[in-house]
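Working notes for the structure below.
Index from 1, following the sequence. Counting convention: from 1, in listed order, for ligands and their atoms alike.
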Amino acid sequence: MQFDYIIVGGGSAGCVLAARLSEDPTVTVALIEAGGNNDSLLNRVPTGAALQIVRRNKCNWAFSTVAQPGLGGRRGYQPRGRGLGGSSALNAMIYLRGQREDYDGWAAQGASGWGWNDVLPYFIKAERNERGANQFHGDSGPLNVADLRSPHPIAGLFIQAGEQAGLPRNDDFAAETQEGVGWYQVTQKNGERWSAARAYLAPARQRSNLHVATDSLATQILLEGKSAVGIRFDRRGVMHEMRARREVLIAAGALQSPQLLMVSGIGPQAHLGQIGVEPVVDLPVGDNLHDHPDITINRRVANSELLGFSMVGGIKLLRAMARWRRERSGVLTSNFAEAGGFIRTLPHLKRPDVQLHFVIGMVDNHNRTYHWGHGMSCHATVLQPASRGTVRLASNDMHAPPLIDPAFLSDPADMETLVRGFKWVRKIFAQPALHGCQGADRSRELHFAHVDDDDAIRQVIRERADTIYHPVGTCRMGSDHRAVVDTELRVRGVERLRVVDASVMPTLISGNTNAPVIMIAEKAADLIKREAH
Ligand SMILES: Cc1cc2nc3c(=O)[nH]c(=O)nc-3n(C[C@H](O)[C@H](O)[C@H](O)COP(=O)(O)OP(=O)(O)OC[C@H]3O[C@@H](n4cnc5c(N)ncnc54)[C@H](O)[C@@H]3O)c2cc1C
């Protein structure tokens, strides 16, 4: 029970750290993961996540937020991956990086060493893009990035409609410019989901210097004075301790990393006192929570090739299962959000402020409200939200969920951006390319058919908007006195302790967050190795 490095959390970041650090046979590494191995068929079939995302199960923590005034007092839903691969075992597999300006913004805010030119080599190092290598892409990393094997024709029509609405065509959102409409690339290989666990951990798992403990919930960081020396964890009801000779690395995600720090006494002193946790280091852990708010517009389309519920659809699904088993292609390889785009919703903006995800099925309430029939939908997402919330403790016990308050739409600018995004989706849906498939017919819109003016749009946004699953920022990296971790991701004021995951992002990147988290962990592994030598 003594290792050089202990990593808490086997998600996107944790799997990268475990694989990279254990490349050195002279060091020993332990990875502690609360969930299981995530190696069932549902974890491999790309569409399998649809069943897991909707409710709490062994792959999904399925948290709720506290009541959100910006969402009319509703509590938001926060699915989070559990088990090896973490959220990369549950996500929609879209491969994106955000915008150059996001990272240059990090550096300008004090995260020196994390500007675009600093992080690009780590994106490239991580990536194995099936299109091959170029100045933006890698072809020899662990993370397989592929074009969809069986893209749906209606997603192609959406792209055409986007062009008809005046957007440029973009064939690579992860290259020079993000603006435009096009197909998303996905983290898949041979028609299977390519989670961080499959990409990084599986090839490393046989190493004798790597110990992976699943079903193990870290309940406390063990501190001696102000130095991290190990972890206490609960494995199937029995408490254990593990000691770290060099460092403890927290990679439990943007909601649970701050929770673990706080239950261990690292966090806002006044709050810890209220919860009955002895404060050790006073830091603004859990502040700066932000997430991408999102509204989804659904239209019914009588096309049983789209994902949905019908007798014919059921028969087609059985055929699709056989096809996937036989040749790893067909609709089961869909990532749902097959196409999308990035829009500047105001002419003076220098970069896109809204992202679109076009989905080949209706998505109502995170797919938790089912509708008989078939349809399509499009999400509009605020890329650079101004609202900031918190993660706080409900109790000093890690078994209890934290209090999650993304403060959605608390900054009015986010609401206005979402209204403009909503109107852009309508504009694209109205284009001739979608006439033939009923997609342009407003009366087929779920919930919103009679919503027209901006006030009515604001009202439905309050009633229906929620996350697109990218919480970040709760252990903010920086060089100022309010930062939680420094630019080498070391927790300020505590020795031998780092946070390496989505929580260190100073500001949310403009896109989906899996590849950026993997980049963060790739860079962190290099920093840790360099410091050790
Ligand atoms: C439904 C959904 C769809 C998404 N779609 C996309 C997408 O298409 N593209 C994209 O780029 N991004 C997407 N994302 C976001 C992306 O997957 C995440 O940002 C990323 O995986 C976060 O990585 P992480 O390492 O910070 O945390 P996670 O991957 O969530 O890993 C945290 C891990 O820590 C474990 N853990 C937590 N607490 C403890 C503890 N106390 N002890 C031990 N283990 C613990 C958890 O079980 C989990 O395995 C999506 C996310 C979700 C939930």
Side-chain angles (χ1 to χ4, degrees), residues 6-17 31-36 38 46 49-50 52-54 58-63 77-98 143 145 174 184-188 193 195-197 213-221 231-235 250-261 263-264 291-292 294 335-338 340 355 357 366-367 379 397-399 401-402 467-472 474-475 499-505 508-509 511-521 524:
I6 300 176
I7 303 160
V8 175
S12 299
C15 288
V16 177
L17 287 174
L31 176 66
I32 309 279
E33 166 54 47
N38 280 354
Q52 292 160 331
I53 186 193
V54 292
K58 64 183 171 61
C59 308
N60 182 2
W61 294 92
F63 294 125
Y77 179 53
Q78 287 279 339
R80 290 283 94 198
R82 173 188 175 130
L84 296 179
S87 296
S88 73
L90 189 73
N91 69 13
M93 295 162 280
I94 295 172
Y95 180 82
L96 280 173
R97 298 168 177 179
L143 185 65
V145 178
Y184 285 132
Q185 283 204 291
V186 290
T187 43
Q188 291 185 9
R193 169 185 290 278
S195 70
T214 51
D215 302 309
S216 301
L217 179 85
T219 55
Q220 202 178 352
I221 302 163
I231 284 291
R232 180 169 298 136
F233 63 98
D234 175 348
R235 182 151 210 268
I250 307 300
L255 306 178
Q256 288 154 296
S257 285
Q259 184 187 11
L260 184 58
L261 259 59
V263 299
S264 309
D291 194 354
H292 281 142
D294 176 273
N335 70 322
F336 315 106
E338 296 191 354
Q355 180 181 1
H357 295 84
H366 308 271
N367 228 9
H379 297 251
D397 180 357
M398 276 302 287
H399 295 87
T467 174
I468 192 111
Y469 320 121
H470 302 149
V472 304
T474 47
C475 300
V499 180
V500 182
D501 60 23
S503 34
V504 303
M505 290 190 192
L508 193 37
I509 58 95
N512 311 66
T513 42
N514 185 43
V517 169
I518 287 173
M519 173 281 289
I520 288 170

Requested in this report: Start with the C-alpha distance between Val500 and Ile520, add both sets of side-chain angles, then the distance that settles side chain to side chain contact (heavy atoms under 4.5 Å, CB included), and finish with yes or no.
Outcome: CA-CA 7 Å; Val500 182; Ile520 288 170; 4.3 Å; yes

Query - Taking atom 10 (C) of ligand 1 as the reference point, the nearest protein heavy atom with its distance - result: Asn512 CB, 3.2 Å

Report task. Answer whether the closest heavy-atom distance between the side chains of Ser195 and Asn38 falls below 4.5 Å. Result -> no

Report task. Could you list the atoms of ligand 1 found under 4.0 angstrom from a heavy atom of Ser216? Result -> 42 (N), 43 (C)

Report task. Give yes or no for whether the N/O distance cutoff of 3.5 Å, strictly under, is met between Met93 and ligand 1. Result -> yes

Report summary line: Within 4.0 Å of some non-hydrogen atom of Ile53, the atoms of ligand 1 are 1 (C)

Query raised in the report: Counting each atom of ligand 1 from 1 as listed, which ones have a heavy atom of Met398 under 4.0 Å away?
Result: 41 (N)

Query - Ligand-residue contact atoms, ligand 1 with Ala502, heavy atoms, under 4.0 Å - result: 26 (O)

**Report entry** Heavy-atom side-chain proximity of Pro46 to Asn335 below 4.5 angstrom
**Finding:** no

Requested in this report: Start with the C-alpha gap between Met519 and Val16, add the side-chain angles, then the distance that decides, and say whether side chain to side chain contact (heavy atoms under 4.5 Å, CB included) holds.
Outcome: CA-CA 9 Å; Met519 173 281 289; Val16 177; over 6 Å; no

Query raised in the report: Side chain or backbone of Ala251 under 4.0 Å from ligand 1, or both, or neither, by non-hydrogen atoms?
Result: backbone

Requested in this report: Can you pull out the closest protein heavy atom to atom 31 (O) of ligand 1? Residue, atom name and distance to 0.1 Å, please.
Outcome: Gly11 CA, 3.2 Å

Query raised in the report: Does at least one non-hydrogen atom of Leu217 fall below 4.0 angstrom from an atom of ligand 1?
Result: yes

Report task. Starting from atom 35 (C) of ligand 1, locate the nearest protein heavy atom and write down its residue, its atom name and how far away it is, to 0.1 Å. Result -> Glu33 OE1, 3.3 Å

**Report entry** Asp294: partners by side-chain contact (heavy atoms from CB on, under 4.5 Å), with sequence neighbours left out
**Finding:** Thr296, His379, Thr381, Ile468

Query raised in the report: Given Gly98, Gly9, Ala252, which one has a non-hydrogen atom that is nearest to atom 32 (C) of ligand 1?
Result: Ala252

Query raised in the report: What is the nearest protein non-hydrogen atom to atom 41 (N) of ligand 1, stated with its residue, atom name and distance?
Result: Ala218 O, 3.0 Å

**Report entry** Shortest protein contact, atom 21 (O) of ligand 1 (heavy atom only)
**Finding:** Ser12 OG, 2.7 Å

Requested in this report: Check for a donor-acceptor pair, side chain of Arg193 on one end and backbone N or O of Asn91 on the other, with a separation under 3.5 Å.
Outcome: yes

Report summary line: So for Val8 against ligand 1, with non-hydrogen atoms under 4.0 Å, the contacting part is side chain

**Report entry** Aromatic ring proximity Phe336/His357, centre distance under 6.0 Å
**Finding:** no

Query raised in the report: At a 4.0 Å threshold, what atoms of ligand 1 neighbour a non-hydrogen atom of Trp61?
Result: 46 (C), 47 (O)

Query raised in the report: Any nitrogen or oxygen of Gly35, main chain or side chain, under 3.5 Å from a nitrogen or oxygen of ligand 1?
Result: no

Query - Per-atom contacts, ligand 1 versus Gly81 - under 4.0 Å to a heavy atom - result: 46 (C), 47 (O), 48 (C), 49 (O)

Query raised in the report: For atom 5 (N) of ligand 1, which candidate among Ala62, Ser195, Ala92, Gly86 holds the nearest heavy atom?
Result: Ala92

Requested in this report: Check whether the side chains of Ser88 and Asn514 place a donor and an acceptor atom closer than 3.5 Å, and report yes or no.
Outcome: no

Report task. Kindly give the heavy-atom pair with the smallest separation between Gln355 and Tyr184, and that separation in Å. Result -> NE2-OH, 3.0 Å

Query raised in the report: Do Val8 and Gln256 have side-chain heavy atoms sitting under 4.5 Å apart?
Result: no

Query raised in the report: Should Ser87 be counted as touching ligand 1, given the test is an N or O pair under 3.5 Å?
Result: yes

Query raised in the report: Does a side-chain heavy-atom distance below 4.5 Å link Leu31 with Leu84?
Result: yes

Requested in this report: Ignoring angles and geometry beyond distance, decide whether Asp501 reaches within less than 3.5 Å of ligand 1 through its nitrogen or oxygen atoms.
Outcome: no

Requested in this report: Return yes if some donor-acceptor pair links the side-chain N/O of Asn512 with the main-chain N/O of Leu96 below 3.5 Å, else return no.
Outcome: no

Query raised in the report: Side chains of Ile221 and Leu260: closer than 4.5 Å at any heavy-atom pair?
Result: yes

Report task. Distance to 0.1 Å, residue and atom name: give those for the protein heavy atom nearest to atom 11 (O) of ligand 1. Result -> Asn514 N, 2.8 Å

Report task. Kindly indicate whether the side chain of Ile509, heavy atoms from C-beta on, has any atom under 4.5 Å from the side chain of His470. Result -> no

Report task. May I ask whether Ile32 has any heavy atom positioned less than 4.0 angstrom from an atom of ligand 1? Result -> yes

Report summary line: In this structure, atom 44 (N) of ligand 1 is nearest to the protein heavy atom Ala34 N, 3.1 Å

Report summary line: In ligand 1, the atoms that come under 4.0 Å of a heavy atom of Gly253 are 26 (O), 27 (O), 32 (C)

Query - Any side-chain heavy-atom pair of Arg80 and Tyr469 under 4.5 Å - result: yes

Query raised in the report: In the protein, which heavy atom is nearest to atom 19 (O) of ligand 1, and how far is it?
Result: Thr513 OG1, 2.6 Å

Query - Atom indices of ligand 1, in the order listed, that fall short of 4.0 Å to a heavy atom of Val517 - result: 23 (O), 24 (P), 25 (O), 26 (O)

Query raised in the report: Any side-chain heavy atom of Thr219 sitting closer than 4.5 Å to one from Val263?
Result: no

Query raised in the report: Passes side chain to side chain contact (heavy atoms under 4.5 Å, CB included), Gln78 versus Asp291? Steps please.
Result: CA-CA 10 Å; Gln78 287 279 339; Asp291 194 354; 3.0 Å; yes

Query raised in the report: Under 3.5 Å, N or O to N or O, is Asn91 touching ligand 1 that way?
Result: yes

Query raised in the report: Mind checking whether Ile94 has an N or O less than 3.5 Å away from an N or O of ligand 1?
Result: yes

Query raised in the report: Looking at ligand 1, does Gly83 have a heavy atom less than 4.0 Å from it?
Result: yes

